[in-house]
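What follows is one structure encoded as structure tokens, with my remarks underneath.
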Amino acid sequence: MQILLVEDDSDLAQALTQTLKHEGFAVNHVSRGQQAIDVIKIELPDIVILDLGLPDMDGMDVLQTIRKQSADLPILVLTARTSVEDKVNGLDLGADDYLAKPFDVAELMARLRVFSRRASTQKHSGLIIGDVKLDDKSHQVFISGEEVDLSRREFMVLKALMENAGRVQTRESLESKLYSWGEEVASNTIEVHIHHLRKKLPDKFIQTLRGIGYIIKTINE
Ligand code: CA
């Protein structure tokens, strides 16, 4: 796994590079947004770790530019901007995950392992996370082999969350997957579907990130 680390704090960058290498990742480090964009034009890494506070460009612009270059390159954003609004903005602009500074290195490693696992689980057909199996073709969901009854929209919410396991789904993004443009949607519709799903699924299978959205974490996190 090759990581592009975009971080202008040289002490932090050095420490992270060392830890990441120790964990078996290949690391390329740049300290400017423009450098990151240039590097990605030449060769796509497997994961980008992007600090939003960069000296030459706004990290959000870097994020957008990288996202245009590659739609599914995993991008983990490091940010001291902790407001919910910034987080939602970043997710809309295409970040896959967030870590607020100061962060725990163990936490960063856990997130990166999710990225690597996601890359390998996406190759399987059907979605299996923990005891839950979702069969897209037959529209069936099983918990430990027992079928559970879900409404069409509950199924769609669960599918969206499972397909993006380890990644936060905002209420808006879930709504956009369930409803067409212009369709009247009550503001608590997604909450209601999630509430019903939770009654049918294992405890804590779907987690709420308050003010941001929902996430299904892959196992071993
Ligand atoms: Ca910085």
Side-chain angles (χ1 to χ4, degrees), residues 1-119 164-170 172-173 207-215 217-218 221:
M1 283 270 164
Q2 198 185 65
I3 294 185
L4 176 66
L5 173 64
V6 191
E7 171 60 75
D8 62 308
D9 178 333
S10 56
D11 288 345
L12 178 59
Q14 209 172 11
L16 277 181
T17 303
Q18 221 164 35
T19 314
L20 290 166
K21 282 185 175 163
H22 185 74
E23 291 280 324
F25 292 103
V27 186
N28 288 322
H29 168 236
V30 296
S31 52
R32 299 274 187 280
Q34 190 56 51
Q35 289 174 314
I37 291 166
D38 292 344
V39 166
I40 283 170
K41 272 184 203 152
I42 299 163
E43 195 192 354
L44 277 186
D46 296 305
I47 299 171
V48 176
I49 301 177
L50 173 68
D51 175 32
L52 286 190
L54 295 168
D56 61 326
M57 284 177 76
D58 187 310
M60 292 285 195
D61 294 333
V62 179
L63 177 60
Q64 260 183 314
T65 311
I66 296 177
R67 190 44 87 216
K68 272 183 209 147
Q69 192 83 17
S70 165
D72 32 54
L73 174 61
I75 303 173
L76 174 79
V77 159
L78 302 178
T79 177
R81 307 174 189 185
T82 45
S83 82
V84 164
E85 200 182 322
D86 277 333
K87 287 186 181 174
V88 172
N89 264 338
L91 292 169
D92 285 345
L93 292 180
D96 295 288
D97 204 352
Y98 262 90
L99 219 45
K101 286 181 176 179
F103 56 86
D104 188 33
V105 174
E107 173 81 38
L108 174 66
M109 292 306 150
R111 307 284 180 98
L112 292 176
R113 279 194 289 273
V114 172
F115 282 162
S116 353
R117 266 204 306 277
R118 192 186 302 146
N164 295 286
R167 248 195 279 212
V168 181
Q169 298 297 291
T170 61
E172 292 75 16
S173 82
Q207 300 190 15
T208 304
L209 296 182
R210 207 171 284 272
I212 304 175
Y214 302 95
I215 186 167
K217 298 200 170 173
T218 44
E221 272 180 69

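In each ligand, atom 1 is the first atom listed, and ligand 1 is the first ligand listed.
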Q. Got an N, O or S from Asp51 under 3.0 Å of the Ca ion (ligand 1)?
A.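 Short answer: yes, at least one N, O or S atom is under the cut-off.
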Q) Of the backbone and side-chain N, O or S atoms of Gly53, does one lie nearer to the Ca ion (ligand 1) than 3.0 Å? A)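 Yes - counting backbone and side chain alike, Gly53 has an N, O or S atom under 3.0 Å.
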Q. Heavy-atom count around Gln64 CD within 6.0 Å, excluding the residue itself: above 12?
A.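 Counting neighbours around CD of Gln64, more than 12 heavy atoms of other residues, nucleotides or ligands fall under 6.0 Å, so yes.
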**Q.** Side-chain (Asp46) to main-chain (Gln2) donor-acceptor, under 3.5 angstrom
**A.**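 Such a contact is found between Asp46 side chain and Gln2 backbone.
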(Q) With rounding to the nearest 0.5 angstrom, report the CZ to CD1 distance, Arg111 to Ile49. (A)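 Reported to 0.5 Å precision, the distance equals 11.5 Å.
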(Q) Once rounded to the nearest 0.5 Å, what's the spacing between atom CD of Gln169 and atom CD1 of Ile212? (A)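 Nearest 0.5 Å value for the CD-CD1 distance: 12.5 Å.
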Q | Identity of the N, O or S atom of Asp8 lying closest to the Ca ion (ligand 1) | A |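 Atom name of the closest N, O or S in Asp8: OD1.
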